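Structure, as structure tokens:
Below, chains carry the letters A, B, ... as their sequence lines are ordered, and counting in each starts from 1. These values consider heavy atoms only, across backbone and side chains, with no hydrogens, waters or symmetry-generated copies. Quantities reported herein were computed from a predicted structural model and do not represent experimental measurements.
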2 protein chains.
Amino acid sequence: MTAKSTSERILDVAEHLVQVRGYNAFSYADVSKELGIRKASLHHHYPTKADLGVALVTRYRTGFLDALATIERREDEAPARLAAYVALYRGVLRRRRMCMCGMLAADVATLPRAMRDGVARFFAENEAWLARVLEAGRSDGTLAFDGPAAAAAAFVVSSLEGAMLVARGSGGLAPFDAVARRTLATLAPPPPRKPTRRRSG
Amino acid sequence: MTAKSTSERILDVAEHLVQVRGYNAFSYADVSKELGIRKASLHHHYPTKADLGVALVTRYRTGFLDALATIERREDEAPARLAAYVALYRGVLRRRRMCMCGMLAADVATLPRAMRDGVARFFAENEAWLARVLEAGRSDGTLAFDGPAAAAAAFVVSSLEGAMLVARGSGGLAPFDAVARRTLATLAPPPPRKPTRRRSG
DNA sequence: GTCTATAACGAGATAGAC
DNA sequence: GTCTATCTCGTTATAGAC
């Protein structure tokens, strides 16, 4: 564990600020205060706010890809992979943050093009990964759903992003968990036989 | 149709700006330009931006309640009411906007308390209305789902808000429609008998 | 109710010393 | 790579004439 470079610590602080306040509600001054370093020094690492924003999106997106790869190494079954995917989101919310790209999706009309492209790519990559997992689960019978896997994947991403968004405005983890459980239940295979009318959630 | 008062036209423009850019990315200058009226005049109607923000949330929230009441007058069956509810969201997205309270939910950390309370109330009222519709539908057999109606209602709101959010970043109406259809399918009663394995979505 | 004028502040950004 | 100093602009907000 080498000590973090200044440019990385800038990204850490800026990422947190974007996840909590949004892209347009944080400033170099905020990062400066938090890091105990002057504004001008920040501009040395990221000349413009757009540069910082692009670095932020790129790191977040590739970090997420890494996390997805880790899930695939650790879990073999589709349902376990799905659960780990949900846990990824839950971990963000537990730290009282919103998914950074969900946040940026709200700000999208005000973002430089390179950032917008990064955000779109984040969602595309998430859905592609999920679609693969879902399709595999349907093939081996551990999951069940109708229609294209890509559509089911988009549904999962939307539900989770929406659950985070709404949970921030209302409650916290409990509402998120309820929505997440319901989303996963959508993909569960039907019970073997003789449905004795038991609660599924 | 009486001519709109200036204070209402201010709300119209500000609402649009919030839905597209977010609360922290619009200014009195933007509204001023759009309306052809000086910034100082805006302050006559809404002394501070917080005042404007609170008026914005209140009007949006009560307007939504009116729309829900209209749905209940026009549609008798739970599935039709649900479909009309989804159409409400779709209409917002079709105009290339995001649900204003979904937008404000992203900005929540930067909002004055009165606005936060309004946003929370918006979601609470939406979920309460939906829960009533869902419970009625389950009672008369036009809908089917497990668990408390309130949980299913929260799930619907989250999915739709998330679908709007993600659709803005990626595609447009088509991805939203796909998610909405899938969300509604979650609440559909099982087909009568002999499921001949046909696509449900 | 709308205007001109202006205050007070914070934003993103740059120059140049160390 | 960090600093001080400074610039320019946009922001919210106020005072007071019309």
Side-chain angles (χ1 to χ4, degrees), chain A residues 2-57 59 103-104 106-116, chain B residues 2-57 59 103-104 106-116:
Chain A
T2 5
K4 277 189 180 170
S5 67
T6 301
S7 51
E8 275 193 283
R9 280 184 298 143
I10 293 170
L11 291 182
D12 291 341
V13 172
E15 180 178 302
H16 181 207
L17 286 167
V18 170
Q19 290 185 288
V20 173
R21 304 173 54 85
Y23 183 73
N24 297 300
F26 93 96
S27 68
Y28 275 52
D30 296 326
V31 180
S32 165
K33 246 178 293 182
E34 180 72 24
L35 240 47
I37 191 180
R38 301 290 112 178
K39 281 193 296 170
S41 309
L42 303 179
H43 282 285
H44 170 75
H45 297 277
Y46 304 99
T48 71
K49 197 181 180 183
D51 292 326
L52 174 54
V54 171
L56 232 29
V57 174
R59 189 181 72 155
M103 209 64 174
L104 294 177
D107 295 330
V108 78
T110 68
L111 300 181
R113 173 178 291 277
M115 285 186 71
R116 273 206 299 267
Chain B
T2 5
K4 276 190 179 168
S5 67
T6 301
S7 51
E8 275 192 283
R9 279 184 299 144
I10 293 171
L11 290 182
D12 291 341
V13 173
E15 180 178 302
H16 182 207
L17 287 167
V18 170
Q19 290 185 289
V20 173
R21 304 173 55 87
Y23 183 74
N24 296 300
F26 93 96
S27 68
Y28 274 52
D30 296 325
V31 179
S32 165
K33 245 179 294 183
E34 181 71 24
L35 240 46
I37 191 180
R38 301 291 112 176
K39 284 190 291 172
S41 309
L42 302 178
H43 282 285
H44 170 75
H45 297 278
Y46 303 100
T48 70
K49 197 180 180 183
D51 292 326
L52 174 54
V54 171
L56 231 30
V57 174
R59 189 181 73 154
M103 210 63 175
L104 293 177
D107 294 330
V108 78
T110 68
L111 300 181
R113 173 177 290 278
M115 286 185 72
R116 274 206 299 267

Expected string for nucleotides 9-15 of chain C under the B/S/- scheme (protein heavy atoms, under 4.0 Å, primed atoms plus P, OP1, OP2 as sugar-phosphate) is --SBBBB
>> Donor-acceptor pair, distance only, cut-off 3.5 Å: does the side chain of B/Tyr46 make one with the backbone of B/Ser7?
In response: yes
Has A/Ser32 got a side-chain atom pairing as donor or acceptor with A/Ile37's backbone, closer than 3.5 angstrom? yes
| With a 4.5 Å limit on heavy-atom distance, are the side chains of B/Arg59 and B/Glu15 in contact? | yes
Sidechain N-carboxylate O distance under 4.0 Å for B/Asp107, B/Arg116: no
Q. Below 4.5 Å, heavy atoms only, C-beta onward: do A/His43 and A/Tyr28 meet side chain to side chain?
A. yes
Per side chain to side chain contact (heavy atoms under 4.5 Å, CB included), A/Phe26 is matched among A/Val13, A/Leu52, A/Val20 by A/Leu52
In short, side-chain hydrogen bond (donor to acceptor under 3.5 Å, both in side chains) pairs touching residues 47-57 of chain B with sequence neighbours left out are B/Thr48-B/Asp51
In the 5' to 3' direction, the nucleotides of DNA chain D bounding the stretch that comes under 4.0 Å of a heavy atom in chain A are D/dG1 to D/dT4
